[in-house]
Asks: 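Following this message is one structure expressed as structure tokens.
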Amino acid sequence: MLIFGGILVFLALLLTCPVWAAISYEEKLSLRVGYLFLSFRLFPPKEKKKPEKQRKKAREQKTAEKTEDAKKRELLDILKQKGLSGFLSLLSQAASLAASTWKGFVSHLYVSRLKLSLTVAAEDAAGTALLYGRVCGVVYPAFRILTETARCRKPEIQVSPDFQKDKTEISFACKARIPLFFLLWEALRALVGAVSLWRRAVEPEESDKKTV
């Protein structure tokens, strides 16, 4: 009985320990998750070390790839230009999920760090003003929903226009944690919901077969 009780206490302690995630964005996205003494980098993925033969081939191919550098730079420029719209889209989707589907999950989150510094800039002053209004119309309502749903510790949100620059700059950092019990519970609820939706989709087909 003592051993069984000790195992139950140990499992209860494990379930109360939090799973944490740290997200940062500044030209590049970084995502790490951890539990107890374990930590994993999910994005960007670690580059695997190549054998010496593959490294030689890579060095030999550098000369052939010089002509493609210009195309790659163009692609990077396009991605950077779409960085703001992608960030705003992701933020609005997160706020929508936090207010509906993920409300139970987000309500158990404790956000120890939430910082956003967004400097809005466009090619001219008129474009900067219009873009600034659009960004404020997305950022502040979305963060109000997120901070009201989750437990946030002193969020720092700053959006400001810069009429001297021609490029928007984003600096975002967030660290949150949730007890393992609530994470597993919400995952189980999501699984049950998915199974019930699948059954609803399959049952009409089965009833049609019986009538035929």
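Here the structure is a predicted model, which means the values were calculated and not measured.
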Asks: In Å, rounded to the nearest 0.5 Å, how long is the span from NZ of K115 to SG of C174?
Replies: 12.0 Å
Asks: Atom OG1 of T128 and atom CD of Q164: how far apart are they, to the nearest 0.5 Å?
Replies: 9.5 Å
Asks: State yes or no: do V135 and L130 share one hydrophobic cluster built from I, L, V, M, F, W and Y residues joined by side-chain heavy-atom distances below 4.5 Å, directly or via other members?
Replies: no
Asks: Is there side-chain contact between L91 and F143, with heavy atoms separated by less than 4.5 Å?
Replies: yes
Asks: Check the pair S112, R177 against side chain to side chain donor-acceptor pair (under 3.5 Å), reporting the backbone distance first and the verdict last.
Replies: CA-CA 8 Å; S112 58; R177 64 178 187 265; 4.6 Å; no
Asks: Donor-acceptor pair, distance only, cut-off 3.5 Å: does the side chain of T168 make one with the backbone of A121?
Replies: yes
Asks: Between D162 and V120, is there a side-chain heavy-atom distance shorter than 4.5 Å?
Replies: no
Asks: Taking the side chain as every heavy atom from C-beta outward, state whether W102 and T149 have any pair of such atoms under 4.5 Å apart.
Replies: no
Asks: Which pair of heavy atoms, one from L146 and one from A95, lies closest together, and at what distance?
Replies: CD2-CA, 4.1 Å
Asks: Between V159 and T119, does the side chain to side chain contact (heavy atoms under 4.5 Å, CB included) criterion hold? Intermediate values first, please.
Replies: CA-CA 6 Å; V159 181; T119 304; over 6 Å; no
Asks: SG/C17 to CG/L180 distance, rounded to the nearest 0.5 angstrom?
Replies: 8.5 Å
Asks: Do any N or O atoms from the side chain of S92 and from the backbone of L88 form a donor-acceptor pair under 3.5 angstrom?
Replies: yes
Asks: If two hydrophobic side chains count as joined below 4.5 Å and joins carry through other members, does V33 share a cluster with L38?
Replies: yes
Asks: Search all heavy atoms of A122 against all heavy atoms of G127 and return the closest pair with its distance.
Replies: CB-C, 3.5 Å
Asks: R189: what forms a salt bridge (Lys or Arg N to Asp or Glu O under 4.0 Å) with it, not counting sequence neighbours?
Replies: E186
Asks: Return the minimal non-hydrogen interatomic distance between A150 and V111, and the atom names on each side.
Replies: CB-CG2, 4.2 Å
Asks: Donor-acceptor pair, distance only, cut-off 3.5 Å: does the side chain of S107 make one with the backbone of G104?
Replies: yes
Asks: Measuring from W20:CH2 to S39:OG, what's the distance to the nearest 0.5 Å?
Replies: 3.5 Å
Asks: Under 6.0 Å from the CG atom of L13, do we count more than 12 heavy atoms belonging to anything else shown?
Replies: yes
Asks: As an exercise, state the distance from CG of L131 to CG of L84, rounded to the nearest 0.5 Å.
Replies: 5.5 Å
Asks: When clusters are formed by joining ILVMFWY residues with side-chain heavy atoms under 4.5 Å apart, either directly or through shared neighbours, do Y25 and L90 land in the same one?
Replies: no
Asks: Same hydrophobic cluster for I3 and L11, using side-chain heavy-atom links shorter than 4.5 Å among ILVMFWY?
Replies: yes
Asks: Could you go through F182 and L109, starting from their C-alpha distance and side-chain angles, then the distance that decides it, and tell me whether this counts as side chain to side chain contact (heavy atoms under 4.5 Å, CB included)?
Replies: CA-CA 9 Å; F182 291 113; L109 278 178; over 6 Å; no
Asks: As a quick check of understanding, evaluate side chain to side chain contact (heavy atoms under 4.5 Å, CB included) for Q158 and L118, giving each step before the final call.
Replies: CA-CA 6 Å; Q158 182 180 3; L118 206 159; over 6 Å; no
Asks: Would you kindly confirm whether F10 and Y35 end up in one hydrophobic cluster when ILVMFWY residues are joined by side chain heavy atoms under 4.5 Å apart?
Replies: yes
Asks: Please report the closest heavy-atom contact between C136 and P141, naming both atoms and the distance.
Replies: O-CD, 3.4 Å
Asks: Hey, could you give me the CZ/CG distance between R32 and L42, rounded to the nearest 0.5 Å?
Replies: 9.0 Å
Asks: Can you label the angle between the W185 ring and the F181 ring as parallel, tilted or perpendicular, going by 30° and 60°?
Replies: parallel
Asks: Side chains of D124 and D166, heavy atoms from C-beta outward: is any pair under 4.5 Å?
Replies: no
Asks: Which heavy atom in T147 sits nearest to a heavy atom in L114, and how many Å separate them?
Replies: CG2-CD2, 4.0 Å
Asks: If you look only at pairs with a residue in residues 148-172, which of them pass as a ring pair (Phe, Tyr, Trp, His ring centres under 6.0 Å), with sequence neighbours excluded?
Replies: F87-F172
